[in-house]
Amino acid sequence: DKVERFSIELEKGVKSTVPHLKDCLGFIECKVVKEVDISEHSILVAQVLYAAANEKYFDEMWKKKAEPLLHVGSKFFTTLSEFFTPYEKK
């Protein structure tokens, strides 16, 4: 369980039952309306139920101090200025 392993705090969803990361840069709550199977993958078509962005990091566009975490595949992540692999808390 990654939430427990990395001591991640969650908050209840606003319009859905799915929680989101506490103090995150932003989040989108969606409802899946269609799933299209394509070979080994699926495409999910969703309706946005609610969206929010932390004003500390977003004001019509991302502010310079925002460091969104981007997953680039496998165990690899990056921010706008750093590439890394995650490590486990000990």
Side-chain angles (χ1 to χ4, degrees):
D1 182 5
K2 294 176 189 175
V3 171
E4 185 176 317
R5 183 185 310 160
F6 296 108
S7 301
I8 296 170
E9 292 185 62
L10 300 175
E11 291 183 325
K12 291 183 178 182
V14 177
K15 297 282 185 176
S16 74
T17 59
V18 179
H20 60 269
L21 299 174
K22 183 177 180 179
D23 300 322
C24 61
L25 297 177
F27 64 94
I28 301 172
E29 295 181 8
C30 299
K31 174 184 174 184
V32 176
V33 295
K34 186 175 184 179
E35 182 175 353
V36 181
D37 290 324
I38 300 174
S39 185
E40 297 177 7
H41 304 290
S42 295
I43 296 174
L44 300 176
V45 179
Q47 174 186 5
V48 174
L49 302 175
Y50 185 83
N54 187 325
E55 292 177 1
K56 180 177 175 183
Y57 302 108
F58 190 85
D59 183 14
E60 295 187 30
M61 61 183 298
W62 291 111
K63 296 179 180 178
K64 280 192 173 186
K65 62 183 171 181
E67 287 289 333
L69 181 65
L70 309 168
H71 181 240
V72 293
S74 185
K75 294 183 177 182
F76 302 102
F77 295 82
T78 187
T79 65
L80 299 177
S81 61
E82 179 183 9
F83 184 78
F84 63 94
T85 56
Y87 62 90
E88 292 187 23
K89 275 187 172 182
K90 293 183 180 184

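Heavy-atom basis, side chains included; hydrogens, waters and symmetry copies ignored. For reference, positions follow the sequence shown, starting with 1.
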Pairing residues for [X] by the side chain to side chain contact (heavy atoms under 4.5 Å, CB included) criterion, not counting sequence neighbours:
{"X": "Asp1", "result": "Val3, Glu4"}
{"X": "Lys22", "result": "Glu9, Glu11"}
{"X": "Val32", "result": "Leu44"}

| field | Phe58: ring-ring contact (aromatic ring centres under 6.0 Å, His included) partners, not counting sequence neighbours | value |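 If we apply the ring-ring contact (aromatic ring centres under 6.0 Å, His included) test to Phe58, skipping adjacent residues, the hits are Trp62.
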| task | Could you tell me which residues satisfy ring-ring contact (aromatic ring centres under 6.0 Å, His included) with His41, sequence neighbours excluded, listed by chain and number? | result |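 In terms of ring-ring contact (aromatic ring centres under 6.0 Å, His included), with neighbours along the sequence ignored, His41 is linked to no residue.
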| query | Considering all heavy atoms of both residues, which atom of Val72 and which atom of Phe77 are nearest to each other, and what is their separation? | reply |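 Closest pair (atom of Val72, atom of Phe77, distance): CG2-N, 4.1 Å.
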| said: Please find the pair of heavy atoms, one from His20 and one from Glu29, that lie closest to each other, and give the distance. | reply: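 Taking every non-hydrogen atom into account, ND1-OE2, 4.1 Å.
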| request: Would you kindly confirm whether Phe6 and Leu10 end up in one hydrophobic cluster when ILVMFWY residues are joined by side chain heavy atoms under 4.5 Å apart? | output: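 Yes, Phe6 connects to Leu10 through the hydrophobic network.
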| query | Rounded to the nearest 0.5 Å, how far apart are CG of Leu21 and CD1 of Ile8? | reply |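 Spacing of CG (Leu21) from CD1 (Ile8) equals 6.0 Å.
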| What residues, two or more places apart in sequence or in another chain, satisfy side-chain hydrogen bond (donor to acceptor under 3.5 Å, both in side chains) together with Glu35? |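 For Glu35 the side-chain hydrogen bond (donor to acceptor under 3.5 Å, both in side chains) partners, ignoring immediate neighbours, are Ser42.
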| Quick one: salt bridge (Lys or Arg N to Asp or Glu O under 4.0 Å) partners of Lys34, sequence neighbours excluded? |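 For Lys34, no residue satisfies salt bridge (Lys or Arg N to Asp or Glu O under 4.0 Å) once neighbours in sequence are set aside.
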| request: Hey, could you give me each pair passing side chain to side chain donor-acceptor pair (under 3.5 Å) that has a residue in residues 44-55? Not counting sequence neighbours. | output: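 Matches after skipping sequence neighbours: none remain.
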| request: Kindly give the cluster partners of Leu49, where membership spreads through any ILVMFWY side chain lying under 4.5 Å from a current member. | output: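 Its cluster partners, ordered by chain and number, are none at all.
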